[in-house]
Amino acid sequence: MSESSVAMLQALLIETIMNNGMLPGMERSLDFPDLEAWRNSEHHYVSTEHLADPDALSSVFERIGADQIRDVAQQGGVFPYLRFQEPKVEEGRVQLSVQLLTGFEDVEPLPLGAVVAQFAQRDGDWFAIDPTHVLAY
């Protein structure tokens with residue numbers, strides 16, 4: 001699987017989360033209560049950790065490196081951001097996990113929830129398949 005496919009799926013997942021939408025092939029939205037804090041924040045931060053191509057994301061999203069989290073929190077206080085885990089890639093399938101975390105200036109980030117999405121390719125198009133989970137901690 002190409003890195004551009006992973007980047008496209010990551011961008012699709014972030015856009016879907018932002019818009020409280022449904023992934024292609026799913027019949028329910030990807031939502032949990034703490035996501036509203038991220039959606040309603042002035043800055044929609046997305047960590048560059050495990051992000052295949054930061055430039056694939058819309059300009060609505062602000063990219064933030066792991067080394068910048070404490071600095072951003074020092075300047076503006078506690079803030080929510082999304083961070084991908086390492087993608088799990090198999091032949092024609094990919095699993096993406098994205099966590100919602102809270103950044104602090106003096107302690108490690110606090111996880112608030114996660115979306116785990118499974119994708120498969122059919123006829124050249126990518127679709128979300130079960131199991132796709134939304135987890136609130």
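One-based numbering along the sequence shown.
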Expected output: side-chain R63 to main-chain F61 donor-acceptor under 3.5 Å:
yes
Within this structure, what is the CH2-CD1 distance for the pair W38 and I14, rounded to the nearest 0.5 Å?
5.5 Å
Given side chains that start at C-beta, do those of L12 and W126 come closer than 4.5 Å, heavy atoms only?
no
I'd like to check P33 versus L112 (side-chain heavy atoms, cut-off strictly below 4.5 Å). Are they in contact?
no
Can you confirm whether L57 sits close enough to L51 that some side-chain heavy atom of one is under 4.5 Å from a side-chain heavy atom of the other?
yes
Between atom NE2 of H133 and atom OG of S97, what is the distance when rounded to the nearest 0.5 Å?
9.5 Å
Rounded to the nearest 0.5 Å, the OG1 atom of T132 sits from the CE atom of M26 at a distance of 4.5 Å
Show which side-chain atoms of residues 82-93 pair as donor or acceptor with protein atoms under 3.5 Å away, not counting sequence neighbours.
unit_1 : atom_1 : unit_2 : atom_2 : d
R83    : NH2    : Q99    : OE1    : 2.9
Q85    : NE2    : Q99    : OE1    : 2.7
E86    : OE1    : H50    : ND1    : 2.9

Measuring from T16:OG1 to L30:CG, what's the distance to the nearest 0.5 Å?
6.5 Å
Closest non-hydrogen atoms of A136 and F32, given as atom of the first, atom of the second and distance, are CB-CB, 4.2 Å
Closest non-hydrogen atoms of P131 and Q118, given as atom of the first, atom of the second and distance, are O-CG, 2.6 Å
Joint hydrophobic cluster, V98 plus I129, side-chain heavy atoms closer than 4.5 Å
no
Using links of under 4.5 Å between side-chain heavy atoms of ILVMFWY residues, direct or through other members, which residues join Y45 in one cluster?
I64, I69, V72, F79, Y81, L101
How many angstroms lie between CD in Q10 and CG in L96, if you round to the nearest 0.5 Å?
5.5 Å
On a heavy-atom basis, the closest approach of A11 and A56 is CB-O, 3.7 Å
Tell me whether V78 is reachable from L100 by hopping between hydrophobic residues (I, L, V, M, F, W, Y) whose side-chain heavy atoms are closer than 4.5 Å.
yes
If hydrophobic clusters are built from ILVMFWY residues whose side chains come within less than 4.5 Å, do V116 and M22 share one?
no
Give me the atom names and distance for the closest heavy-atom approach of A128 to L23.
CB-CB, 3.7 Å
Can you pull out every salt bridge (charged side-chain N to carboxylate O under 4.0 Å, His left out) where at least one residue sits in residues 107-122? Sequence neighbours excluded, please.
R70-E108
d(H44 NE2, S58 OG) to nearest 0.5 Å is 10.5 Å
Donor-acceptor pair, N19 side chain versus G21 backbone, under 3.5 Å?
no
Does the pair D31 and R39 meet the rule for a side chain to side chain contact (heavy atoms under 4.5 Å, CB included), with working shown?
CA-CA 11 Å; D31 197 26; R39 287 185 190 121; 2.8 Å; yes
